[in-house]
Amino acid sequence: MDEQPRLMHSHTGVGMAGHPGLPQHMQEGTGGTDGDGRKQDIGDILQQIMTITDQSLDEAQARKHALNCHRMKPALFNVLCEIKEKTVLSIRGAQEEEPPDPQLMRLDNMLLAEGVSGPEKGGGSAAAAAAAAASGGAGADNSAEHSDYRAKLSQIRQIYHTELEKYEQACNEFTTHVMNLLREQSRTRPISPKEIERMVSIIHRKFSSIQMQLKQSTCEAVMILRSRFLDARRKRRNFNKQATEILNEYFYSHLSNPYPSEEAKEELAKKCAITVAQVSNWFGNKRIRYKKNIGKFQEEANMYAARTAVNAANASSHGSQANSPSTPNSAGSPCTRSMPITR
DNA sequence: TAATATGATTTATG
DNA sequence: CATAAATCATATTA
């Protein structure tokens with residue numbers, strides 16, 4: 001930039017022989033060397049660096065080649081390997097042996113059980129079927145709720161699988177890369193196959209820890225989904241009329257002892273298309289609520305009493321006392337079935 | 001929309 | 001563990 005003027009100056013200065021010295025000095029001291037020279041230096045350095053790099057690379061390559069071709073090389077290499085083998089073994093003794101991580105196993109099991117990591121469609125439907133069974137088999141109306149659950153589950157599964165695949169692929173890529181590198185290096189420095197193996201296992205461990213994180217988060221997601229599903233399941237659905245009638249029938253015809261045996265519960269459950277647990281719930285609720293307010297249930301009690309009475313009369317045209325249900329008005333105390341009631 | 005009914009869950013008890 | 005009792009959360013009704 002400002003070299004040009006100075007050069008011009010210098011030219012003029014040189015040309016003017018009558019004034020030597022000052023301009024000349026200025027030119028050399030400041031102008032020329034300062035600008036031109038520095039640039040030159042940088043250029044030189046750069047050049048040097050470049051050439052050095054090139055040279056060293058070439059040199060290294062050459063040396064490597066020379067080394068590989070050296071007649072002493074195999075022997076030397078063997079010695080190195082031997083030494084290394086010993087040291088490595090001593091090191092190796094300390095660590096090693098990885099037990100299968102129980103945490104990971106747990107995650108795997110859960111994912112498998114949840115149908116996330118299992119077979120594609122089979123797992124999902126199996127899980128759905130299990131869920132349906134768990135929900136009490138209260139009818140076909142809960143399939144709508146399940147579809148939501150299933151959709152989200154399959155979404156999770158898809159994400160999980162793609163991520164897993166991605167990790168797997170990255171792991172394989174990286175492993176092969178490292179192995180190639182090591183194989184290449186093993187020509188100039190002693191690297192035993194065991195070492196490579198160890199390296200690979202280290203890589204795998206690293207990647208599996210990442211996978212574990214994925215599994216963890218997937219499990220979390222499934223748990224959340226599941227809890228929400230359970231919450232949804234908690235949405236109460238009244239039993240159908242028939243079921244309540246059957247239950248009430250039993251209740252009021254056993255009012256003196258409204259505690260169905262396990263067998264009776266099973267039968268009731270079957271008849272009402274609900275679970276035994278639901279039958280238990282129902283009786284638990286019924287008992288406490290009946291006891292709490294007998295008056296409120298009076299009407300109902302009479303109704304069922306009448307009905308069962310009619311049934312009994314119809315069934316057995318026996319002349320003697322039909323076993324009419326116990327009276328509601330004496331619910332707390334144990335009243336015999338033979339106790340006749342009217343109304 | 002408040003009140004009530006009702007199935008499920010939680011807590012307490014023997 | 002079965003049940004009682006209290007409580008929750010929703011469904012149904014008025």
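So you know, we letter chains A, B, ... as the sequences are listed, proteins then strands, and number each from 1. These numbers were taken from a predicted model, which means no experiment stands behind them.
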### Query
Does the B/dA5 base have a donor-acceptor partner in the side chain of A/Asn238 within less than 3.5 Å?
no
### Task
Describe the nucleic acid contact of A/Lys286 in one word from base, sugar-phosphate, nothing, applying a heavy-atom distance below 4.0 Å.
nothing
### Task
Find which nucleotide of DNA chain C each of A/Asn285 and A/Pro260 is nearest to by heavy atoms, and output the residue with the more 5' nucleotide.
A/Pro260
### Message
What is the distance, to the nearest angstrom, from the CZ atom on A/Arg236 to the C1' atom on C/dT13?
### Response
12 Å
## Note on the structure
Going by chain and number, the hydrophobic cluster around A/Leu104 (ILVMFWY, side chain to side chain under 4.5 Å) further includes A/Leu107, A/Met212
### Message
Output the rounded distance in Å from CZ (A/Arg289) to P (C/dA5).
### Response
13 Å
### Query
To the nearest angstrom, how far is A/Gln278 atom CD from B/dG7 atom C1'?
8 Å
### Sugar-phosphate, base or nothing in reach of A/Phe283, heavy atoms under 4.0 Å
nothing
### Query
Does some side-chain heavy atom of A/Val276 sit less than 4.5 Å from a side-chain heavy atom of A/Glu262?
yes
#### Entry: Rounded distance in Å - CD1 (A/Ile288) to P (B/dG7)
16 Å
## Note on the structure
Rounded to whole Å, the CH2-C1' distance (A/Trp282 to C/dA2) equals 18 Å
### Query
Which pairs with one or both residues in residues 271-284 of chain A pass salt bridge (charged side-chain N to carboxylate O under 4.0 Å, His left out), sequence neighbours excluded?
none
#### Entry: Under 4.0 angstrom between A/Lys292 side-chain N/O and B/dA5 OP1 or OP2
no
### Task
May I ask you to evaluate whether A/Tyr290 reaches the phosphate of C/dA4, defined as a side-chain N or O under 4.0 Å from OP1 or OP2?
no
### Task
Report the distance from atom NZ of A/Lys241 to atom P of B/dT6, rounded to the nearest whole Å.
9 Å
### Message
I want to check something: taking the side chain as every heavy atom from C-beta on, are A/His254 and A/Pro260 in contact at a cut-off of under 4.5 Å?
### Response
no
### Task
Using atom CG of A/Asn240 as one end and atom P of C/dT12 as the other, report the distance to the nearest whole Å.
12 Å
### Task
Report the distance from atom CZ of A/Arg237 to atom C1' of C/dT12, rounded to the nearest whole Å.
13 Å
### Message
Applying a 4.0 Å non-hydrogen cut-off, can you work out what A/Arg287 is touching in the nucleic acid: base, sugar-phosphate, or nothing?
### Response
sugar-phosphate
### Message
According to a hydrophobic-cluster definition based on side-chain heavy atoms being under 4.5 Å apart (Ile, Leu, Val, Met, Phe, Trp, Tyr only), do A/Tyr250 and A/Met303 belong together?
### Response
yes
### Message
Measuring from the side chain of A/Lys291 (C-beta onward, heavy atoms only), which nucleotide among C/dA4, B/dT9, C/dT10 has the closest atom?
### Response
C/dA4
